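Here the structure comes first, spelled out in structure tokens, and everything after it is commentary.
Because the structure is a prediction, the values reported are computed rather than measured. Along the sequence shown, residues carry numbers from 1.
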Amino acid sequence: MTRLFVLTAAATCVSVAAFAATEALMTDEPEVIEIRVSADELADCRETLREVGQMPAVTDGGSPILFDDTAELPQVACVVSEA
């Protein structure tokens with residue numbers, strides 16, 4: 001019985017330590033997705049992003065998101081590619 005208790009306590013400690021390590025290694029910095037376009041397409045890209053940004057946020061099923069959970073979504077930026 002004591003052995004079971006010790007093994008259970010050890011397993012619990014290991015899982016808590018693993019969870020804490022995972023949380024410590026994760027960064028809260030928002031990800032930035034870059035859309036690479038040519039210089040003449042930059043204005044169109046920015047306009048499209050502006051239009052999409054004005055659309056309401058919806059779930060994968062199409063229903064509106066009732067609370068503001070969009071702060072954790074990655075940011076998107078148009079970048080001129082060197083071609």
Side-chain angles (χ1 to χ4, degrees):
M1 185 71 165
T2 305
R3 183 176 176 190
L4 178 62
F5 176 73
V6 170
L7 290 175
T8 303
T12 302
C13 290
V14 168
S15 63
V16 169
F19 178 74
T22 302
E23 288 295 315
L25 294 175
M26 292 179 59
T27 60
D28 290 339
E29 297 177 15
E31 182 180 339
V32 177
I33 298 173
E34 294 181 349
I35 300 174
R36 298 193 179 274
V37 295
S38 62
D40 59 332
E41 296 174 330
L42 183 61
D44 290 336
C45 181
R46 288 183 175 165
E47 177 66 22
T48 302
L49 285 181
R50 187 186 62 75
E51 290 172 0
V52 170
Q54 293 176 350
M55 295 178 174
V58 295
T59 63
D60 290 339
S63 60
I65 295 177
L66 301 177
F67 51 90
D68 187 17
D69 194 24
T70 58
E72 296 180 7
L73 295 176
Q75 300 295 312
V76 181
C78 295
V79 178
V80 174
S81 64
E82 309 264 336

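Legend: residues meeting side-chain hydrogen bond (donor to acceptor under 3.5 Å, both in side chains) with Asp60, ordered by chain and number and at least two apart, are absent. With sequence neighbours excluded, the residues that form a side chain to side chain contact (heavy atoms under 4.5 Å, CB included) with Thr2 are Val6. Qualifying side-chain hydrogen bond (donor to acceptor under 3.5 Å, both in side chains) partners for Ser63, counting only residues two or more places apart in sequence or in other chains: Thr59. A search for salt bridge (Lys or Arg N to Asp or Glu O under 4.0 Å) contacts involving Arg3 returns nothing, not counting sequence neighbours. Judged as a salt bridge (Lys or Arg N to Asp or Glu O under 4.0 Å), and not counting sequence neighbours, the contacts of Arg36 are Glu34. The salt bridge (Lys or Arg N to Asp or Glu O under 4.0 Å) test applied to Glu41 returns no partner, not counting sequence neighbours.
Connectivity analysis of hydrophobic side chains (ILVMFWY, heavy atoms under 4.5 Å, direct or indirect) links Val52 to nothing; its cluster partners are none. The other members of the hydrophobic cluster of Leu42, by chain and number, are Ile33, Ile35, Val37, Leu49, Val76, Val80 (side-chain heavy atoms under 4.5 Å, ILVMFWY only).
In terms of heavy-atom proximity, Ser38 sits nearest to Ser81 at N-OG, 4.2 Å.
In this structure, the separation between CE on Met55 and CZ on Arg50 is 11.0 Å, given to the nearest 0.5 Å.
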